[in-house]
Student: 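Next up is a structure, given as C-alpha cells.
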There are 2 protein chains.
Amino acid sequence: MVSQRGRRNGAAVARKLSTPDADNAPTAEMPAVTENGTEEVARVRAIPEAAVARLAVYLRVLSAMAEQGATTVASEELATSAGVNSAKLRKDLSYLGSYGTRGVGYEVAVLVGQLERVLGLTRQHKVAVVGIGNLGHALANYGGFPGRGFPVEALFDIDPDLIGVPVGGIPVSHLNDIPEVCSERGISIGVIATPPPAAQTVADRLVQGGVQCILNFAPVVLQVPDHVEVRKVDLAVELQILSFHVARRAENVGNGMVVR
Amino acid sequence: MVSQRGRRNGAAVARKLSTPDADNAPTAEMPAVTENGTEEVARVRAIPEAAVARLAVYLRVLSAMAEQGATTVASEELATSAGVNSAKLRKDLSYLGSYGTRGVGYEVAVLVGQLERVLGLTRQHKVAVVGIGNLGHALANYGGFPGRGFPVEALFDIDPDLIGVPVGGIPVSHLNDIPEVCSERGISIGVIATPPPAAQTVADRLVQGGVQCILNFAPVVLQVPDHVEVRKVDLAVELQILSFHVARRAENVGNGMVVR
DNA sequence: GTCTGTGAAGAAGTTCACAGCC
DNA sequence: GGCTGTGAACTTCTTCACAGAC
C-alpha cells in the first residue's frame, strides 16, 4: 500500500519543493550552480505542467491589479479574479517559493517579479510568424505580441506577391529562407499559421533554423524532435468540444427545454 | 464528506461505461443511494473531459483517411497519426462503445459516424463572431468555420463604420443588438474576439441572447452562469508557457549550449 | 498470430483541512 | 481574528498488460 505519490523513481525523493525562506531559487539567467552529481538535487524544477498555464493567468491579473495601485492581495481575491479556487492558487504559488505573508497576503510587486522570473519573461523571445493569410496577418499585427517580451521579428509566406511587402513593419520573406533568417535573427518561437499541408514542412524548416518552440495553428499533428516544444491551438477542436457539451446537455434534458 | 468511490473498493463498482449499442447511453450504475436526497442525477459520467478533445482529433485524422480511400485502420496506425499512444486511443474509443474488430481494426466509416454522433456534429451549431478586428475578421472569413457544421451566422462590432458592412457575406450588427439577433437566428456558439474590456459585457449579452457556449479569445476571465460553457484561447498564455519551457531548458544546461 | 477492449496499477492534478505565523 | 503553506486524501487521467475475439 505504499502511498508514495512521488515521482518515478521510488527513491526517497520527498518532493523538496518550496524550500523555506532563504531564497535559493535558481534564477533564469544565472548559469548558476554546481553540477550535482550524487544524491538528489536541491533544485526546484518541479512545477506541474498544469500549474504553468495558470501562473501566466495570475501574472496577468496581478499586473492589472498593480496598475490599479494594489500593493497586496489575498489568495482568495486573486483566486476569484483568476477564476480558480484559493487552495489551488496557493498551491500553485507555493511552487515558486514562499512569497506570501501569513495573516496578510502577497505583495503584488514581489509576486509579479517571481512569476516573470519563473515564466522566463526576463528575457526576450523573438517570434516568427509563418503564413501571412488572414490569421497570420492578425497575429503579425498584434504588434509585438501580447504582453511584450515577444517581439515579432520575422514573417514568412510562399506567395510571391507578398514577399518583401512589409506587414506590421516587417517585410515578408519566403518560406525557403526560414532556416537562414531564423538563425540570423535568433528566433526562438515559430508560429505556424499556414494551411495544413504546409505545416509539417514549415515546422521542419523552423527546427532547422534553430527554433525551440512552435505555436501551431494548423490543424495538423506535427512531428518534431524531442527538444522542440509544440503547443497547438485548434479552432475546430475547440468548437467540437463545445458541440459535445451542447449535445450532452441535450441528452440529459427530460423535457421541453430548448437546447441549441 | 462521505464521498468515496473508485479506488479502494473498486471491485464493487466496476464502472459500467461503454454500453454497446443503444443510442443515448446514460450508463446508470446504481448510485448506492446515499444521503444526498436533493442533488440531481449527474452520474452519467460518461466521457472524460480529457478524452473529448482527442476524439475531435481522431475524427479529423479519420476523415482524412477516408478521403484517401482507407476503409479500416488499426489502433496503432490511427494513434500514430493522431500523435497519441495506442492504449490511450483504444481507451478513448472504448468510451463510444465497441466498434472495432479484434484482430482487424476499426472501420473508418463507422468510427467517423460514431465520433460525429458523440461530438454532437449531427446537428448544426450556428456561430456568432463578436469583435471584427484583425482576429474577428480572420475568424469570420474562415467561411463556415472549420469542418463545416459551424456556420457563422452573425457578426457584431461596436464601430459605427463597420455596422452594416458585410464581412464574409454577413453584415455586421451592433453590439447592442447581440441578444436580439442571437435569439432570432438561433445562435448557439458565441466567439469573443473583442478587446479585453468589452469581453464581459459581450458575454453577458450573448448569454441574454440564449447562447450556450462561448469561445473566448479575449484575455479575460469571464463570469457566466453555470449552464454556459466557456472555452478560452489565450495567445499570451500559450507564449508564456513556451517561454517557461525555454527557461527550464536554459536552466538545465551545464555548458555552452545555445538556448534561445 | 493479430488486434481490440478493459481491469488494474500508476501518475498527475485537485481539494481538504489544519498547523503555524501574523 | 485572518491568511498562507502544505501534507494527505481524493479525483482524474494515463499506461500497462493481458484476456478474448478474430
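Here is how names work: the chains are called A, B, and so on, in the same order as the sequence lines, proteins then strands, and each is numbered from 1.
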Student: Rounded to the Å, how far apart are Glu49(A) CD and dA11(C) P?
Tutor: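 Between P of dA11(C) and CD of Glu49(A): 18 Å.
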Student: Please check: side-chain N/O of Ser243(B) versus main-chain N/O of Gly120(A), any donor-acceptor pairing under 3.5 Å?
Tutor: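 Yes: the side chain of Ser243(B) pairs with the backbone of Gly120(A).
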Student: Could you give the distance from CG (Leu121(A)) to CG (Leu115(A)), rounded to the nearest 0.5 Å?
Tutor: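 The distance works out to 9.0 Å.
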Student: Let me know the distance between CG of Leu96(B) and C1' of dG5(C), rounded to the nearest Å.
Tutor: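 Computing the Leu96(B):CG to dG5(C):C1' distance gives 12 Å.
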Student: How many Å lie between CD1 on Ile47(A) and P on dT6(D), as a whole number?
Tutor: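 Going from Ile47(A) (CD1) to dT6(D) (P), I get 14 Å.
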Student: List the atom of Leu111(A), the atom of Tyr99(A), and the distance in Å for their closest heavy-atom pair.
Tutor: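 Smallest interatomic distance, heavy atoms only, reads CD1-CB, 4.3 Å.
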Student: Spell out, as yes or no, whether a donor-acceptor pair under 3.5 Å connects the side chain of Ser63(A) to the backbone of Leu59(A).
Tutor: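 Checked: pair present.
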Student: I need the CG-C1' distance between Leu89(B) and dC3(C), as an integer number of Å.
Tutor: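 Taking CG of Leu89(B) and C1' of dC3(C), I get 12 Å after rounding.
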Student: For Lys88(A) and Gly100(B), take the nucleotide of DNA chain C holding the closest heavy atom to each; which residue's nucleotide lies nearer the 5' end?
Tutor: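 Looking at the nearest nucleotide for each, Gly100(B) comes out on the 5' side.
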Student: Give every pair of a protein N or O atom and an N or O atom of nucleotides 16-20 of chain D that lie under 3.5 Å apart, one pair per line with the distance.
Tutor:
| residue | atom | partner | partner atom | Å |
| --- | --- | --- | --- | --- |
| dG20(D) | N3 | Arg102(B) | NH1 | 3.1 |

Student: Using residues 214-227 of chain B as the side-chain source, report each donor-acceptor pair under 3.5 Å to any protein atom, sequence neighbours left out, with the distance given to one decimal.
Tutor:
| residue | atom | partner | partner atom | Å |
| --- | --- | --- | --- | --- |
| Asn216(B) | OD1 | Ala218(B) | N | 2.9 |
| Asn216(B) | ND2 | Ala218(B) | O | 3.1 |
| Asn216(B) | ND2 | Val220(B) | O | 3.1 |

Student: Which listed nucleotide (dC13(D), dG5(D), dT4(C)) is nearest to the side chain of Ser75(B)?
Tutor: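 Among the listed nucleotides, the one closest to the side chain of Ser75(B) is dT4(C).
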Student: If you only use heavy atoms from C-beta on, which nucleotide in dG5(C), dT6(D), dT14(D) is closest to the side chain of Ser94(B)?
Tutor: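 Of the options given, the side chain of Ser94(B) lies nearest dG5(C).
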Student: Return no unless some side-chain N or O of Tyr106(A) is found under 4.0 Å from OP1 or OP2 of dG5(D).
Tutor: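 Yes, Tyr106(A) has a side-chain N/O under 4.0 Å of OP1/OP2 on dG5(D).
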Student: Whole angstrom is fine here: how far is it from CG in Leu111(A) over to C1' in dC3(D)?
Tutor: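 Between C1' of dC3(D) and CG of Leu111(A): 14 Å.
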Student: Choosing from dG5(C), dT4(D), dC22(C), which nucleotide comes nearest the side chain of Thr101(A)?
Tutor: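 Between dG5(C), dT4(D), dC22(C), the one nearest the side chain of Thr101(A) would be dC22(C).
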Student: Mind calculating the distance between OH (Tyr95(A)) and C1' (dG13(C)) to the nearest angstrom?
Tutor: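 Distance, rounded to whole Å: 8 Å.
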Student: Given atom CG of Leu93(A) and atom P of dC3(D), what is their separation to the nearest angstrom?
Tutor: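 Value for this atom pair: 16 Å.
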Student: Could you tell me the separation between the CG atom of Asp92(A) and the P atom of dT14(C), rounded to a whole number of Å?
Tutor: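 Distance check: Asp92(A) CG to dT14(C) P gives 7 Å.
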Student: Does one side chain, of Gln240(A) or His125(B), offer a donor that lies under 3.5 Å from an acceptor on the other?
Tutor: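 There is no such pair (donor and acceptor under 3.5 Å, judged by atom type) between the side chains of Gln240(A) and His125(B).
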Student: Could you grab the distance from atom CG of Leu239(A) to atom OG of Ser188(B), nearest 0.5 Å is fine?
Tutor: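 Reported value, rounded in 0.5 Å steps: 10.0 Å.
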